[in-house]
Amino acid sequence: MTVIDATSTFTADEQRVIDLTTELLDSFPPADTAPQTFLGEQFDLGLAWVHFPEGNGGLGLNPKLQQLINERVYGAGGPNAMYRNPIGHGMTGPTVVAWGSEDQKQRYLRPLFTGEEVWCQLFSEPGSGSDFAGLSATGVRDGDEWICNGQKVWTTLAHLSKWGLLVVRTDPQAVKHAGLAAFVVDMEDPTVDIRPLRQMTGEAEFNEVFFTDTRIHESEMLGKSGDGWRVSLTTLMNERQSIGGGMPARGSGTIAALTDAWNNAPADAKTPTARDEVTKLWCEAEVLRLTNVRANQNRKMGDPGPEGSIGKMAGAVLNQKIYEGVMDLLGADAMLYGSYEMIRPETAMGADTLQKAFLRSRANTIEGGTTEVMANILGERVLGLPGDVRVDRDVPWAEVPRN
């Protein structure tokens, strides 16, 4: 183990994280250790989410130290828990640790991090997407259980999930934001019907999910009845941070696809106009990367704030522009997609070809909160602009007109 000396440039917390990461890599070399085993040991050392409490996969330290862990683990060829369970790692895990009972934390967090149990998020409905608080799926108490009915849509990886984070309406007489509750639901329950939604890539990573008299024990509620909106905000803020808050190395990430396409393009495609467009997009990508770095450094322990919406909104639009530029450089080859046969993917947002990445990027400005919703959040919560007119804010949900 490394010992801190008088000349060390690391803080005590940084040194502790470095020592534990060294112990992990020395004891369980990634090249010789099964990914699930490695991630389990990483969790047990408190290196899964370093800002989580001790015993829950963390050390109770500043979240910025996670980057120090990730750089060393990934640099040694270690597995990435986010790739194995993106919704669980980036969204439902932080929600469980913030709102779950100690029994729920002990039961769910470790297999979530290792990827043994995949999670999904059951928020959007056909009649309540951007207006999430207007959802109509119901939860009715029956003794120590809640009977849930309703339909959810655009549920990523529901077909692979063991558990889902479900929000339903438990009090239709309350205003729409106040009458909600959040539950952990077993996606393998026979009353849960999961149906694929095919995308234009041919894949069906999304699903619609139907609940018919699905019984959930009250011990699986996160928070209490009426807390569903606040629970969901924890998830959504982490979702936007997860989607838009990445900090790749300079020139890497999505923009690398464009620079590679430029380097490999024929000479007649490298016009001054094309060069200017590539340069412009590279600069935008670097500005976004630095913005995310600054937001991460300024983020305090606890739930991320609206800053995650900046990266989510800007990154979604930028991804689309980048892949449009890639298609322009590919010329006629951009039309060579391959098969549109429907498949049920094992991962979300997969892009094994540039053509698929272009098609998949069209969803970026919708998923995880539309660009319009992100603009509203930033306008109201960051810039302090007047809020949108909301005529149903103080009206009981049961009295709000719906289609």
Side-chain angles (χ1 to χ4, degrees), residues 87-88 90-101 103-105 108 119-156 158 161 163-187 189 191-192 209-240 242 302-306 368-369 373 377 381 390 392-400 402:
I87 307 300
M91 303 168 206
T92 60
T95 305
V96 169
V97 85
W99 290 95
S101 65
D103 285 345
Q104 288 173 315
K105 297 173 191 177
Y108 294 127
W119 282 64
C120 63
Q121 170 188 322
L122 299 148
F123 282 15
S124 295
E125 297 180 6
S128 55
S130 296
D131 181 22
F132 166 62
L135 65 86
S136 58
T138 61
V140 178
R141 179 186 284 277
D142 182 25
D144 59 0
E145 293 183 320
W146 291 81
I147 303 174
C148 297
N149 286 276
Q151 178 188 0
K152 299 293 180 174
V153 75
W154 307 120
T155 307
T156 304
S161 296
W163 304 107
L165 175 57
L166 172 66
V167 180
V168 296
R169 186 165 303 282
T170 54
D171 184 1
Q173 298 305 317
V175 296
K176 64 182 183 179
H177 291 82
L180 307 176
F183 294 91
V184 176
V185 61
D186 184 354
M187 297 300 292
D189 188 295
T191 65
V192 179
V209 184
F210 297 84
F211 297 90
T212 305
D213 293 336
T214 302
R215 288 181 172 270
I216 306 175
H217 196 274
E218 64 179 357
S219 63
E220 295 299 352
M221 184 181 290
L222 295 173
K224 60 183 183 296
S225 183
D227 284 340
W229 175 248
R230 291 191 296 153
V231 174
S232 66
L233 284 181
T234 300
T235 307
L236 293 172
M237 291 300 101
N238 279 285
E239 177 182 38
R240 286 151 196 174
S242 175
D303 293 344
V373 169
I377 291 173
R381 298 184 60 189
R390 296 175 172 89
D392 59 359
R393 169 175 286 177
D394 300 319
V395 179
W397 180 85
E399 299 176 15
V400 176
R402 285 177 296 280

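Note: hydrogens, waters and symmetry copies are ignored here, and every other heavy atom, side chains too, is used. Starting from 1, each residue takes its place in the sequence as its number.
Nearest heavy atom pair, residue Cys148 against residue Ile216, reads SG-CD1, 3.8 Å. Looking at every heavy atom in both residues, Pro94 comes nearest to Gly88 through CD-O, 4.2 Å. Looking at every heavy atom in both residues, Ala98 comes nearest to Thr234 through CB-CG2, 4.2 Å. The two residues Ala181 and Phe183 come nearest to each other via the heavy atoms CB-CE1, 3.9 Å. When all heavy atoms of Ser161 and Met187 are compared, the closest pair comes out as O-CB, 3.3 Å. Of all heavy-atom pairs between Val153 and Pro126, the closest is CG1-N, 3.9 Å.
Remark: Val175 engages Ala178 in a side chain to side chain contact (heavy atoms under 4.5 Å, CB included) (not counting sequence neighbours). The side-chain hydrogen bond (donor to acceptor under 3.5 Å, both in side chains) search around Thr138 returns none, not counting sequence neighbours. Legend: residues meeting side chain to side chain contact (heavy atoms under 4.5 Å, CB included) with Val96, ordered by chain and number and at least two apart, are Lys105, Leu109, Trp119. In this structure Asp103 satisfies the side-chain hydrogen bond (donor to acceptor under 3.5 Å, both in side chains) test with no other residue, sequence neighbours excluded.
The one candidate from Leu222, Val167, Thr95 that meets the side-chain contact (heavy atoms from CB on, under 4.5 Å) condition with Thr235 is Thr95. Results of the side-chain contact (heavy atoms from CB on, under 4.5 Å) test with Val185 over Thr191, Val209, Leu166 single out Leu166 as the only residue that passes.
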Could you give me the CA-CA distance, side-chain angles and deciding distance for Leu165 and Phe123, then say whether side chain to side chain contact (heavy atoms under 4.5 Å, CB included) is met? CA-CA 8 Å; Leu165 175 57; Phe123 282 15; 4.1 Å; yes
Please assess Asp186 against Trp163 for the test side chain to side chain contact (heavy atoms under 4.5 Å, CB included), listing each intermediate value before the final yes or no. CA-CA 5 Å; Asp186 184 354; Trp163 304 107; 3.7 Å; yes
Show the numbers, then the answer: is there a side chain to side chain contact (heavy atoms under 4.5 Å, CB included) between Trp146 and Val168? CA-CA 10 Å; Trp146 291 81; Val168 296; over 6 Å; no
Take Asp142 and Arg215 through the side chain to side chain contact (heavy atoms under 4.5 Å, CB included) test and state the conclusion after the steps. CA-CA 9 Å; Asp142 182 25; Arg215 288 181 172 270; 2.9 Å; yes
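A distance of 12.0 Å separates CZ of Arg141 from CG of Asp171, quoted to the nearest 0.5 Å. Separating the OG1 atom in Thr214 from the CG atom in Asn149 is a distance of 6.5 Å, to the nearest 0.5 Å.
Under the 4.5 Å side-chain criterion, counting only non-hydrogen atoms from C-beta, Phe211 is in contact with Val192. Thr92 is not listed as a side-chain neighbour of Tyr108, based on a closest heavy-atom distance of 4.5 Å or more.
Heavy-atom neighbours of Trp154 CH2 from other residues, nucleotides or ligands within 6.0 Å: at or below the threshold of 12.
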For residues 393-400, tabulate all N or O donor-acceptor pairs below 3.5 Å that involve a side-chain atom, not counting sequence neighbours.
from	atom 1	to	atom 2	distance (Å)
Trp397	NE1	Gly134	O	3.3

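Pairs engaging residues 122-137 under the salt bridge (Lys or Arg N to Asp or Glu O under 4.0 Å) rule: Glu125-Lys152, Asp131-Lys176 [sequence neighbours left out].
A side-chain donor-acceptor contact under 3.5 Å links Asp227 to the backbone of Lys224. A donor-acceptor distance shorter than 3.5 angstrom exists from the side chain of Gln104 to the backbone of Ser219, with no hydrogens or angles considered.
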